[in-house]
Amino acid sequence: MPQETPVDSLTDDQAIAELARLANLIDAANRAYHQRDAPELSDAAYDALKRRNTAIEARFPHLKRADSPSEQVGAAPADGFGKIRHAVRMLSLANAFDDQDVVEFDARIRRYLGLDDEAALAYTAEPKIDGLSLSLRYENGQLVYAATRGDGETGEDVTANARTIGDIPARITGTPDVIEIRGEVYMTHQDFSALNAAGGRSFANPRNAAAGSLRQLDPEITRARPLRFFAYAWGVQSAPLGSTQWDSLERLKTMGFSVNPLTRRCLGPKALLEHYRHIEALRPTLGYDIDGVVYKLDDLDLQERLGFRATTPRWAIAHKFPAETAWTRLEAIDIQVGRTGALSPVARLAPVNVGGVLVSNATLHNEDYIAGRNSQGEPIRDGRDIRIGDWVQIYRAGDVIPKIADVDLARRPVDAKPFRFPDHCPDCGSAAVREPGDSTHRCTGGLICPAQAIEKLKHFVSRGAFDIEGLGARQIEMFFTDDLLPVREPVDIFTLAARDAANLAKLKNRDGFGDRSAAKLFEAIEARRRIPLSRFLFALGIRHLGEVAAGDLARHFGRWQDLASAADLAAPAAACQIAADAAELSERARAADEGRRPEVKKTRDALWQGLSPDARAAWEDLIGIEGVGAVLAASLVTTLTQPKERASIDRLVAELIEIVPPEARGDAGVLTGKTVVFTGTLTRMTRAEAKVRAEALGAKVAGSVSARTDFLIAGEGAGSKATKAAALGVTVIDEDAWLAMSRG
DNA sequence: TATCCTCGAGTTCC
DNA sequence: CTCGAGGATA
């Protein structure tokens, strides 16, 4: 890299050239950051470019460019692509990494369907192409749009580019009126080498090349790139394609799509594994990148019965090939502080190429992982005795997260010492303690720890939470340390505009902001003064309270005020729970020392006796919510009733216009709003299946019978629950009645 | 009390 | 994407 001329000694002409060069570099970096099709600059290098640009602009204000990078916020969403909402979510798949995982996948499905002893199930197995997934929508046989996967819900409209790909027919015949075809866009090794040799830019690997080519603003550039497409799935359809996965794929072929020729139908996990080895053996000769084999349950009716987990279908899995590895030196171990105060060690590595990606960091999880053994001194799974200066073998777990696979003890420096985990927060200096039974050290600084505060704020504006456009991690860090417009807690975000108006120096005149971006940011913030209760709760960043639990709580309470008062009522109970846990822990330790059996129930009961009925009722109500247990409840209640935390939340609430209660569950189901409990053995469907069924009909499925239960569904051999239900006057129905009801 | 499943939290590179 | 642990269940 050439030595940079100091800003002060630049001539006007040199400054113009330099500003142009910087604008180009920064623009390219922004695009790379956004489009993932080029190697990215490090944050430090990126910042250095921006700083130099700003310095030159300050020295030569009259030379500032119209498209100055300082006018743009961070990586501007430079997309010329429209957004398209997928009619049916684009899925991701669960992964299997060894034979055992595949056997379990099959076993899980049989268990769920209650087919334990029956003949082997049929699956399809096909190579998992390492490209990018694309969804094609055809209406009356015409291609109407093509969308990238995006986040699964919404993708980018790349229709014009998709039309230039030879494997993608513009028109298909003999199909349902409306159908979405899904598949993978990829580039062969040969085409990839030719493209890179032809000059212009060089891509790191075929996948990046395919991604970069598909996301060209000019479709003519895409046309010139040798992209290909394999179809493997379908979304909405007005008529079924077949009754099995296999038949449907055959149907796709007759429509004119390429389906991977190595797709096979296999009976049972053994056959799947055989085909996996076959594909693995052929891998080097295929001429395109694959990263595993996908297995799907063949029978579509069974697929439908199995349904989905949060993000993945239960009826499919991706069996990944072993990851690539590389050796490098561990130069240092740094400690990062998370939003809950967790201290996480990170390995700083001499940069090394692992499967086409330059890796310089790797997670080390916690103290035990680095030591290779737990606090009792027993070796732990995956753990290694890792020391600074060691040669370590890196792989990317699931081809993404860098991890340490192995340590070369022969090359360990003689003076290398075991890593001593810090007992203080590297950021605020507070004690960092590791609770007994916990694997992580936690900073006890709470609200006073700046690292925690920043991470909490980042979480607050993140996607599932307040999701404020134009306010990402980078901006949060900037505002946190800002003297004029500080943002130290969530409420500060909502007072930004007013404070900016009152300031002499305006945000829009700052580095990294312009007229437009400042106004847009304020607009985005305004829009969030109305926020769904579930998002609001999730945004608070309370430990153990994630998106799902936040949704559960929101549905249960409906209004923020109701939840807050419930927390106030339950406060003594939460304190009691925590005290009882602590007492139990020390009692167990003492009992172990003295060689007697611990007495825990008594103390717990004694503490519990002292509670007011109101407190107890409020607590029981919380614990009664499905998915909410004592740990979450205690965390929630103590946070909400801690005076400083609560004051901060109240300040935030005062700035909001409305915390919107969740919409009542659609009244589509016959069981909407009802709470049902299952007991005994169901003979015609498994418990798990029945639960999903009931929920689809709008019911809440609880584990135990209470006065709030509407129906108890009693299978064979129902016991105490049935007795209790009778005593409480709860309606008890048998399996036949349930089947009739659930068919509606 | 033990076991299974799902969620939460933390992390990397693009 | 993975690990740990919370929560549900047998």
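Here is how names work: the chains are called A, B, and so on, in the same order as the sequence lines, proteins then strands, and each is numbered from 1.
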Can a salt bridge be assigned to the pair [X] and [Y] using a cut-off of 4.0 Å between side-chain N and carboxylate O?
X       : Y       : result
E156(A) : R215(A) : yes
R434(A) : D368(A) : yes
E477(A) : R474(A) : no

Counting only side-chain heavy atoms from C-beta out, which of [options] sits nearest to [X]?
X       : options                 : result
N208(A) : dC14(B), dC5(B), dC7(B) : dC14(B)
N366(A) : dC7(B), dG4(C), dA9(B)  : dG4(C)
S439(A) : dG8(B), dG4(C), dC5(B)  : dG4(C)

Could you check how far [atom1] of [X] sits from [atom2] of [N], rounded to whole Å?
X       : N       : atom1 : atom2 : result
I317(A) : dT2(C)  : CD1   : P     : 11 Å
R474(A) : dC14(B) : CZ    : C1'   : 13 Å
L553(A) : dG6(C)  : CG    : C1'   : 14 Å
R111(A) : dA10(C) : CZ    : C1'   : 13 Å
L537(A) : dC7(B)  : CG    : P     : 17 Å
R543(A) : dG6(C)  : CZ    : P     : 8 Å
L632(A) : dC7(B)  : CG    : C1'   : 10 Å
E104(A) : dT6(B)  : CD    : P     : 13 Å

Within less than 4.0 Å of OP1 or OP2 of [N], is there a side-chain N or O belonging to [X]?
X       : N       : result
K403(A) : dC1(C)  : no
R215(A) : dC14(B) : no
N95(A)  : dC1(C)  : yes
R314(A) : dC5(B)  : no

>> With a 6.0 Å cut-off on the ring centroids, do F538(A) and H459(A) count as close?
In response: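 Ring-ring flag for F538(A)/H459(A): true, centres closer than 6.0 Å.
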> Can you name the closest pair of heavy atoms from L632(A) and G627(A) and give their distance?
Replying inline: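 Heavy atoms only, the tightest pair is CD1-O, 4.0 Å.
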Give me, pair by pair, the N or O atoms of the protein and of nucleotides 10-12 of chain B that are less than 3.5 Å apart, along with how far apart they are.
unit_1, atom_1, unit_2, atom_2, d
dG10(B), OP1, T340(A), N, 3.4
dG10(B), OP1, T340(A), OG1, 2.3
dG10(B), O3', S344(A), OG, 2.8
dT11(B), OP1, S344(A), OG, 2.2

> Of L545(A) and L358(A), whose nearest nucleotide on DNA chain B comes first from the 5' end?
Replying inline: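 Result: L545(A).
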>> Using a 4.0 Å heavy-atom cut-off, does I542(A) contact any base of the nucleic acid, only the sugar-phosphate backbone, or nothing at all?
In response: sugar-phosphate
>> Does anything in residues 333-344 of chain A form a salt bridge (charged side-chain N to carboxylate O under 4.0 Å, His left out)? List the pairs, not counting sequence neighbours.
In response: D334(A)-R348(A)
>> For K456(A), give me all partners under salt bridge (charged side-chain N to carboxylate O under 4.0 Å, His left out), at least two apart in sequence or on another chain.
In response: none
